[in-house]
Each structure stands twice: as structure tokens, then as C-alpha cells.
Amino acid sequence: MINLNLQKKLDSENGMMNLDIKMTIEKGSFTTLYGDSGAGKTSVLRMFAGLMQPEKGSILIDDAILFSSEKNINLKSQKRNIGFLFQDHALFPNMTVRENLLYALDKGQNEKIVNELIALIELKELQNKKPENLSGGQKQRVALARTLVRQPKILLLDEPFSALDFKMRLKLQDYVLKIHKQYKLTTILVSHSISEIVKMADQIFILENGSIKENGKPIDIFSNKKVSGKFQFTGEVINIKKEGFLNIITVLIEKNFVKIIAEDSDLVDISIGDFVNVASKAFNPIIQKIR
Amino acid sequence: MINLNLQKKLDSENGMMNLDIKMTIEKGSFTTLYGDSGAGKTSVLRMFAGLMQPEKGSILIDDAILFSSEKNINLKSQKRNIGFLFQDHALFPNMTVRENLLYALDKGQNEKIVNELIALIELKELQNKKPENLSGGQKQRVALARTLVRQPKILLLDEPFSALDFKMRLKLQDYVLKIHKQYKLTTILVSHSISEIVKMADQIFILENGSIKENGKPIDIFSNKKVSGKFQFTGEVINIKKEGFLNIITVLIEKNFVKIIAEDSDLVDISIGDFVNVASKAFNPIIQKIR
Amino acid sequence: MIDWQPLFLTFKLAFITAILLFFLAIPLAFWLSNSKSKIKPVIETLVSMPLVLPPTVLGFYLLIAFSPANSFGAWLENYFGLKLIFSFPGLVIASVIYSLPFMVHPIQSGFSNLSKNLSEASYMLGKSKTTTLFKILLPNIKPSLLTGIILSFAHTIGEFGVVLMIGGNIPGQTKVASIAIYDEVEMLNYSAANTYSFILFIISFLILLSVYLVNGGYLNRISK
Amino acid sequence: MIDWQPLFLTFKLAFITAILLFFLAIPLAFWLSNSKSKIKPVIETLVSMPLVLPPTVLGFYLLIAFSPANSFGAWLENYFGLKLIFSFPGLVIASVIYSLPFMVHPIQSGFSNLSKNLSEASYMLGKSKTTTLFKILLPNIKPSLLTGIILSFAHTIGEFGVVLMIGGNIPGQTKVASIAIYDEVEMLNYSAANTYSFILFIISFLILLSVYLVNGGYLNRISK
Amino acid sequence: EKETKKLNIAVAANMQFAMKDLIKKFTEISGIQCETNVGSSGKLTAQIQQNAPVDIFISADMKYPEELYKAGFTIKKPEIYAYGKLVMWSINKDVKPSFDILTTDKIKHIAVANPKLAPYGKATVEVLEKMKLYDVIKNKLVFGESISQTNQFIISRAAEIGFTAKSVVLSPEMKGKGSWIDVNESDYSPIAQGVVVIKHKNAENADAQKFYDFLFSPDANKIMVNYGYK
Ligand SMILES: Nc1ncnc2c1ncn2[C@@H]1O[C@H](COP(=O)(O)OP(=O)(O)OP(=O)(O)O)[C@@H](O)[C@H]1O
Ligand SMILES: Nc1ncnc2c1ncn2[C@@H]1O[C@H](COP(=O)(O)OP(=O)(O)OP(=O)(O)O)[C@@H](O)[C@H]1O
Ligand SMILES: [Mg+2]
Ligand SMILES: [Mg+2]
């Protein structure tokens, strides 16, 4: 059981902000932090990792005290055995991609893992390049791989997939999930993507202005608000084409386009760029697995 | 009319890559570059901006030559009057948020725009902080604002919204669109988000391995592949709950949850984590504007 | 008892030298850190060369160069009315030449350590190289600037060989503290020499200490 | 004609001094750049202080300190068998003290210019401060290291006052090139002095030039 | 301008303390203000050769004035204004200066002025060679760049014993410090110190000549004898 109890004054967009977080995390669970930019997600990870010192509070893993303001204990980052993927990569500019990963190896650890990870992030051809020559997404992949080299028991990932294209993102999400399960890691992920969270996490904490506003299972949290029995979506009107009395409206619902036929009367008020609800009361959808 | 004709050898994930791009962009249009990580998107912007030199090719705006390998012309970055939001922010660490924006002001330009932009990105309270104390998303907002201060005729945005939460992202997308239209800017956006692209861009270039694989209107590009008359979505199975003979399957379709009732027989082959198609042949949806 | 003039002269010389060097070294270091010219390593080397000659010897060569008996010195005297031997301006010029590497190299390495991102971002905002240099680059290499200033300031205070050769030993004009100490030692006046050294030491200590304190306070403030 | 021994001795001294300083300055500079201790500005200042004394004066004080007639020197001699006056080891120690600021300050400012990100990332990979220092921090401040090495190397070559005082000008042991040149100048043997200077200059030039060339090549390679 | 014009005297470093009294006396007698420029004879010669503003040059030996004379920088041949005397000196209480002690283990370092540069150094070597000591104690010799540095070796007790100018041990600052003995004057060639008046393009050197003449006056002689010169 991991217990975080963190208090610290931070500057924020609304003046002084009192970060005050109490979190309990099962070992082996996959937890997400979600919240607005500036809510305090990165700060929580940095305190857990020992890079930022809370003013008050404690960090416990089972009986081990990593930090306690009362007992004046503050374990060094190096001793916490936590893997941290930084939001801004923090690759070592003096080392090639491969050297960045090799550096992360623990003493006596097999180099095989490095080769595996390089293959995974598809940077075999670039493994001998210095980070400054990599694209944004390539840097992010290297940073992820470097964090995974040591297979630390606790993994903190600060928006690890934000600069990646869809395919690569799916692939790396799957890989992180795989090793999370395989090695029984405790993982905390910061993400702005609901689908990512629902896909990956057992538990979500929603941060708002330095406090936890809600927490629970992602599916419950997001479902409560958004799921209904009806087949109902929110989307944006992309196009309206007139054909006789009818109008064909194209609505973008996330990545999917839906064409809806509407009569002129339905159209009152709706124009391109509007957000709309698309719903159907009587709907019995077919479901098919895709390859 | 803007003509880019760019050739350069770059390293890539598949060995040497010949970046070879020919693009024609209307003035005042909103163009997107889309493609895998490492495809060459940032490189194209950097060449346009004069920060990277093509081996061969030319960059023309109407009759003005910004670059020409033949005529040995290479206008300095400073002279190109292009705004560039860097993928990695590149804020000036010695200046506060406000000073970063003030620095961008042209001689004699009114300071009012700085106040407006600071209000827009909601960093009024943090305007006197140095960048190192900002969160990732806050940095990204400052970088965007700094790029917009000069209202340059040409705007290059390299994944400007990737670190932002949903609300902030929508707000800033709208703002960029507004000033794009208001000042008749020519904007090129790099993005991995289809909805963002469809919402913002007139035109999309899909880059693959240094070449343009496809281009056109985003709606056409994505529609051709994905739209059908049917109401049809791809999603991921999140939960399967048995109730008597029936199963309630929860599918996550981007941010929306849909509950589908299926008989046991329908369920063959489908388990949690699978990607599925959800469709309905006979569907006549209702459409409603939302506030 | 103690003649304060040499001390005053010393700090005047050190201040003027450090300030001149600062403005001279910035463009040079900037050029060196940006240039891909073939002669760049040669210039880099030449900048360090005044160091490898013993100060008196360097002073001797400068003496010959500045001497109105020779063409360069005569030209200086005729066209600019500049008498460099046995004069304060001569001391300044000699000190500048001698301490050049202490200012140029730290600033240059500061520039080299800086990420190219920053200047690119500045250029994209339409700013000239000069604006970028003064508003972006220099403020971000403060520790290097400080190193350059401290090293050349302190070195000028202790300088002796060059100064004695070029300046002679003229009270109020070229008799700096290091020469005054030399004089006292020559006169076997060790206690006076000690007193001078002690005062020189203390004043320098206080000046440098306050620089470091101010600087430390400043750095603390921005890194908070 | 030319006596090569002083030249040989000079470069030996300069190499040994630069190498010793390098290893001495790194921990000191690292501590200075990390410390928030109150005495930090004092230490920073003290490091620069050898510079403000004229070399001969500093040499004289060192001579007194090292002299076996005095307690410190006697202690060194009795417990360590170290005879520092009029010996090569004494020259090395004196040069190290005198050139300390040229190594410490550039390295310290290199560390200060470096982003804290890198060390944090290294700590998160479970690496100790020492590993981080050698594998991450030092390789990323190469220009600063180079500056430190070049300045202290070149300065030791030209050093003269301290060396003369501590060394006693003993041929083959402590008579370095700077003293030899000085002697020739004093004897008005200008052509011999020129020859020495020229040789010293050329050898130093070639050494530094090759350092810069190698370094430039290296830098070009990584920035490509 | 005219009134503040002072006589510029270039003084060899080791003459400096005697010179202070000499100038004081001279100014008393003539009312002429003097300014001294102190350095080693070699440095001063180099400066004079580069047209440094020097009116009269008081050297520590004959070599440098001769050099200037030959090169045409002076009005007349150099004249000897004094002879220096060599002494053996030690600050250590348990060291009684004598030539016998030099070879003992008690003496590890012997401070000598650089024989190439300083006349006292040359004289020391002559003496040692004459007494067949030079090769025996060669390894104990440490060389000061000037007589003044030799003094510092002795005073700091870095060298247990050394050879220096008599003017040093007689100076008010050093009187009574340690013990010293005269070196037999017949064992070394005389340490002659010369003076020359420097030629100027157009300015007249009347003041310089006055000082020159003063140096050979009984008043000056008395002061110099006080300081151990002959
Ligand atoms: N060292 C610091 N001292 C004071 N305030 C800080 C410090 N670092 C960050 N902050 C402030 O604390 C708040 C929370 O920052 P944090 O980086 O935790 O946000 P975040 O939730 O990770 O946001 P984002 O999604 O934008 O990365 C921000 O308002 C930020 O400006
Ligand atoms: N200076 C350079 N020299 C050689 N190759 C480079 C250089 N900069 C980038 N590359 C390589 O060029 C390719 C394209 O990089 P670019 O930054 O344009 O990709 P991108 O499309 O922006 O990717 P991402 O979405 O990950 O940011 C990459 O494989 C990268 O490693
Ligand atoms: Mg964050
Ligand atoms: Mg990119």
C-alpha cells in the first residue's frame, strides 16, 4: 500500500494554491492523475519521486517511510527506486539514444533489455544518434524506454504519449500495460486523454487546483457523467449540404464522421462549427470485432 | 501563393530518408501537417522558417524568394516575418512570462496585445514568474501567446495544444482560428489529433517518411476512409456484464460510453480490451444543438 | 604611513581593465562561439598566447611596440597623441592584452554551453543578432560573465611584470600597489610590504565577496 | 645553443599542474555550484585571492610557509618527507595554488549554466552523485572544462614570480623557461630571449591549437 | 608645467634605500624635486633604450651603463660612483657564517644572486671558485633573480645562509638581524656601480648634471659609506 499525504504551497493561475493531496494506492495498481493544466499533477509526481519537498506530509510504502515532515525523514531520490518519465524528456545530450538507455541499466543488469526496448520504440536505425537530432516524438519514445530499462517497481509517467501519432501511441500504451502486469509494477500516469485513461488505469484521481476533486474507477467516473442507455454522442457540425428539401449534415464525433439527413425545420439554429448532440432513442446496434 | 519545394537528406527510423516535399499553400489558408512521429513535419516547418537549410529546392511567397538553392538565395529567419511555435516551447529562462511576451513585441507595437494574450491563456497571476516554475501546459500556453504577439502573416504551430487539457485546448483552438480569420493569416499546424485538424484546417498534407502521401480537404481525406451513410463507430470494449441471457457491453468510443445489449451468441470472440465496430443500419438520428 | 595612491591606482586600473575587456570580449567570444571559419581555432589559440610569455617579457615586447622610437609607437603618438610608455593609458592597454583570455574564454564557453533553441526562438520573433545577444544570450550566461569579470579583475590587481615594464614606477600615474609592494620589498621594508599586501588582500576580498554575495542572492531568487 | 632543459621543465610543470588542478577543481566547483551554505561566497572569494597578490609576494609568503624553519614546513618535512622549497614538487604546489581560480571558476560556471533536469533524470535512474557528475554533468560542460584547462595550462607556462621565489632557479630542477627568458632579457641578450620566447610561443601555440582543432572537430561532429 | 617638472632618476633596485637618503640630501641642497623609477638594471636599460623619460640612470654595475653609452643614449662615459661589498649572512641563530660551515650538513641551501644578472652573484661565484668550494657546494646553491630576492631567501630562512650586499645588512631595517661576515675584498673583482646622464633630444640636462655632480660630493659619499658602499 502506498500512502501519499502531501501539502505544499504553489503558485497557480488563481494566485496562491494550497496543494493538499491524500492518496492511497494499491501496490500493483495502475493509477491516473487527470486534471487541468496547472492543477498540480506533475508536482505530485515530483514529490513522490523526491525531487520536490512537500512542506508537510508523508510518503509511505507499506511500512517504509520515504518522507515524513514530522519525523524529519527524506529519502534521497536515488534511494526511492522509482522510475520517472519527465514531461520534458530530460534526455542526456551527451549520449546517443543507445547510451541513454545503457546508462539507465543497473549494475549487472543484462543489456538485452536495451535492445528489446530500442526495437520496441522503433529507433534501431537512430540508436547511435544524439537526442538533439531526434524529432519530438522520437525523444518522447526514448524517454519512455529509458524509464523502463530498470523495470523499477514504481513507475511515474508524466504525459508519456502526448507527442505520438495514433499508431505509436497504441503500441506503447499496450507495451506499458504489458510490463505493468508482467512485473506487477505500481504505475501512476498523468494523461489528458480519457480513452487512454479508461484503457489503462484501474483508478483515477481528478485534481483541481491542488486538491483531489474525485476519484474512483475511470469507467465509473466518466460513465456517471456521460453514459446513457441511449446511443448518444456529442460532435461538431463540419458541413451542411442541401439536397432538395433535405440537408445532409456531416458531424465529426471524435475521429468518426456521421452523415445525418435532416429536414430544413430541424436545421433551425444549427450551423457549421456548432456542437451538437446526436442521439437515437430506438437503437439496437450491431457489434463486431475488428482485426 | 506560397510554394515550398524542399529536399534534404535526414536520418530516420528506417535509415536514410529523403525528405522531398512540394507544397502549394494559398495565402490565408489553414494547412495541417499530419503524419507519424519522425515523418518530417517539424523539419518542413524549420526549413520554411529558415532554421534548417534544404539541400535543394526553393521557398517562394508570391514573387518573393525566401530561399533558392539555384539562385543561392537564403533569407535570414529574422527577415522572413514568420511566427513559429516550437514543439519544445523554447521560452527564455531569464524572462518572466510577461517579459517573454513583451520581448516579442515589434518596435512601436502596442502593449495591449500582451495583456489580452495573458488574459486569454489565463496566466495573469503567473505573469511575473519565470518559465522554470511553470507546469508543462502553462509553458505551452506561453509559447503560443508569444508566437501570437507579433501577429505575423505566417504562423507555424508545431503541436501547440498537445499538453493541454480538453477545455483549454478548445479555447485556444478557437482563439487561433479567430485570429487566423481576423488577420487573414496563413497558418500551418502540426497535429496528431484528427478532430483538431478537421475543426481547424482547410487543407491537410499527410507526410510519410519525408514525402507527401496524400493531401486535400481534411474532411475528404478522413471521410473517404471512414464515413459511411451508416451510423458506425469504432470503439473499445471496456466492460461486459452478464444479466441473465443478455450481456451489457460497455464500449468506449473516444470520450463517449455506449452500452450495448447483446445476446450470448453475439459475444463469441469479443472480450474486454477488444476493438469493435458498432453500427446500425436503420438509424435516423435526432440532432440537437448544445450550448 | 601607508601611501594610498598606489592602492587607488590599482583598483582604478583593475576596474577600467575589466570593463574594457568585458565590452571587447563579448563580440569576440560571440564570434568565436558562432563561427565555423577555418581560422577560428587559430584565433582561439592566439587569445591565450599572452599568457604563455612571462609577464616581464610580454611587457618588454609591448614596450618595444609602444615605444615612440618604433614605427607603431610613433604612429600612435603622432596621429592620436597617445603616449603609451610610462603612462596610465599604456598600463590599461597592456593589462587588457594580458588579461584578454580570462574574459574571452569563459564567455565563449558560456555561449557554447547555451542551447541553440534560445537564439532560434529570438530570431523567429524578428530580433536581430545584437538584440538576441544582449537580451537573451548574455542574461542566460551570467555565471560565465561573472567568472570572466572576476578573473580579469583579480588578475589585473596582482599583475606586476607587464605593468612595471610598460609603466615604470611613476607615483600617481603608474605606480600601482603591486609595484609599491615590490619597492618596499626591495627596500627591505618587509613590514610595509606586509601592510600593503594585507590591505590589498582585504579590499579585494571585500569587493569580490560582495560581488559573490549579490550574485548568490540574485541566483537564489531566480532559482526559487 | 639553446638550453632545452628549461623548456622541457616548463611543459612538464604546466601539464602536471593542469592535471592536478583538474581533479582538484572538479569536486570543489561541484560543491560550490550545489551548495547553499552560508560560507560559499567566502570560499568562492578565497579561491580568487591568490590572484590579487603580486606573484613574487605570494611566492614569498609560500616560501615562508613551506620553509622547514617554520612549523608548517617542518611538519611537512617531518611527517611526509616533503621538501617543498627549492624543489619541483614545491613548484607544482605553488602553481596549483596560484592557478586554482582559472580552473575552479570556469568549471563552476559551467555547472551553474547546466539545467537541473539532467541531474534529476540521472538521480531518478538510481545513479549516485558521483556517477552523475562524471557521466552526465562533466561531459555536458566540455567547453568550460576546456577553458579551465587552457587557462591554467597557459598561465603556468608564463608564470614566473611564484616559481622564481619557491624554486630558486636551480638548473634542471626549478629553472623553467620563463626564468630563462627573463634572465636573457635582463642581460640585454635580446636575441636569445627572442629565440626562447619564440620556441615557447610556438610549442604552446601548437599544443593549444591542436587542442582547439580536436575540440572544434569534436564539437562539429556532435552538432551536425 | 615647468615648475612641477621633476628630475627623473632611474635607480637600480638594490640602490634604492641608499638613494632615498641621497635624494633627500640633494633636494635639501639644490631644491630640485626628484622622482625615482626603481627596477632592475636590465629593465631600466630596456626602458631607456625605448625612450622612456629618464634623466639619469644609477646602475648597480657597469655593464648596463656601458651598454647605453655604446648605443649613444648617454652624454658621457659612465663613471663609478661607488663600490659594493659582499657579505655572508645568516638569520639562523645556530649558524655562524664562515666558509667552513658551507660544506657541512647544517647548510642545505645557500642563497646567491644570479651571477648572470647581479654583480653580487658574480662576485660570490668568483669567491667560491677561488676557494675551491664552488664544485663542492654547487648543489646547495639557489639563485635569486636579484640581490633583493636573495635577501628574501635568507630572511625567510628557506636558505640557511647566503651572500648579499653589505648595504643590506647595514640597512636600518636589517641591522642586528642574524649574523654576517665580510668577504675578503681581494677574493672578488670590485663591484663597481656606474652612473650616466641620459641624452635628450632638445631638453637640457642641467638638473641631471647637478645630481650627477652631487653623487661624487663628500655629502653623498658619507651617506654611501654609511650604507656599506666604498
Ligand atoms: N517550483 C515551484 N514553485 C512554485 N510553484 C510551482 C513550482 N513548480 C510548479 N509550480 C506551480 O504549481 C502549479 C502546478 O504545477 P504542475 O506542474 O504540478 O501542474 P500540472 O498539473 O502538471 O500541469 P500541466 O498539465 O500543465 O503539466 C502550477 O501553477 C505551477 O505554476
Ligand atoms: N538536424 C538533423 N539532421 C539529420 N536528421 C534530423 C535532424 N533533425 C531531425 N532529423 C531526423 O529527421 C526525421 C524527421 O524529423 P522531424 O522532427 O521533422 O519529425 P516530425 O515529423 O516532426 O516528428 P514528431 O511528430 O515526432 O515531432 C527524424 O527521423 C529525425 O531523427
Ligand atoms: Mg505537468
Ligand atoms: Mg516534430
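Below, chain A is the first sequence line, B the second, and so on; all start at residue 1.
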Check your understanding: Do other residues, nucleotides or ligands put more than 12 heavy atoms under 6.0 Å from A/K124 NZ?
Key -> no

Donor-acceptor contacts, no H, no angles, side chain residues 157-164 of chain B, under 3.5 Å, sequence neighbours left out:
unit_1: B/D158; atom_1: OD2; unit_2: B/T42; atom_2: OG1; d: 2.7
unit_1: B/E159; atom_1: OE2; unit_2: B/Q87; atom_2: NE2; d: 3.3
unit_1: B/E159; atom_1: OE2; unit_2: B/H192; atom_2: NE2; d: 3.1
unit_1: B/S162; atom_1: OG; unit_2: B/Q140; atom_2: NE2; d: 3.1

Review point. Picking from A/G137, A/G35, A/S191, which has the most non-hydrogen pairs under 4.5 angstrom with chain B?
Key: A/G137

Exercise for review: Name the member of A/R141, A/K167, A/K129 that forms the most heavy-atom pairs with chain B at distances under 4.5 Å.
Suggested key: A/R141

**Study point:** chain A contact via B/S43 - which portion, at a heavy-atom distance below 4.5 Å
**Key:** neither

Review point. With only heavy atoms counted, which part of A/S193 is less than 4.5 Å from chain B, the side chain, the backbone, both or neither?
Key: neither

In Å and rounded to the nearest 0.5 Å, what is the [atom1] to [atom2] distance from [X] to [Y]?
{"X": "B/L134", "Y": "A/S12", "atom1": "CG", "atom2": "OG", "answer": "11.5 Å"}
{"X": "A/N128", "Y": "B/D11", "atom1": "CG", "atom2": "CG", "answer": "10.5 Å"}
{"X": "A/Q138", "Y": "B/S37", "atom1": "CD", "atom2": "OG", "answer": "5.0 Å"}
{"X": "A/E122", "Y": "B/D36", "atom1": "CD", "atom2": "CG", "answer": "8.5 Å"}
{"X": "A/L126", "Y": "B/L10", "atom1": "CG", "atom2": "CG", "answer": "10.5 Å"}

Exercise for review: Sequence neighbours left out, what passes ring pair (Phe, Tyr, Trp, His ring centres under 6.0 Å) with A/F86? Give chain and number order.
Suggested key: A/F84

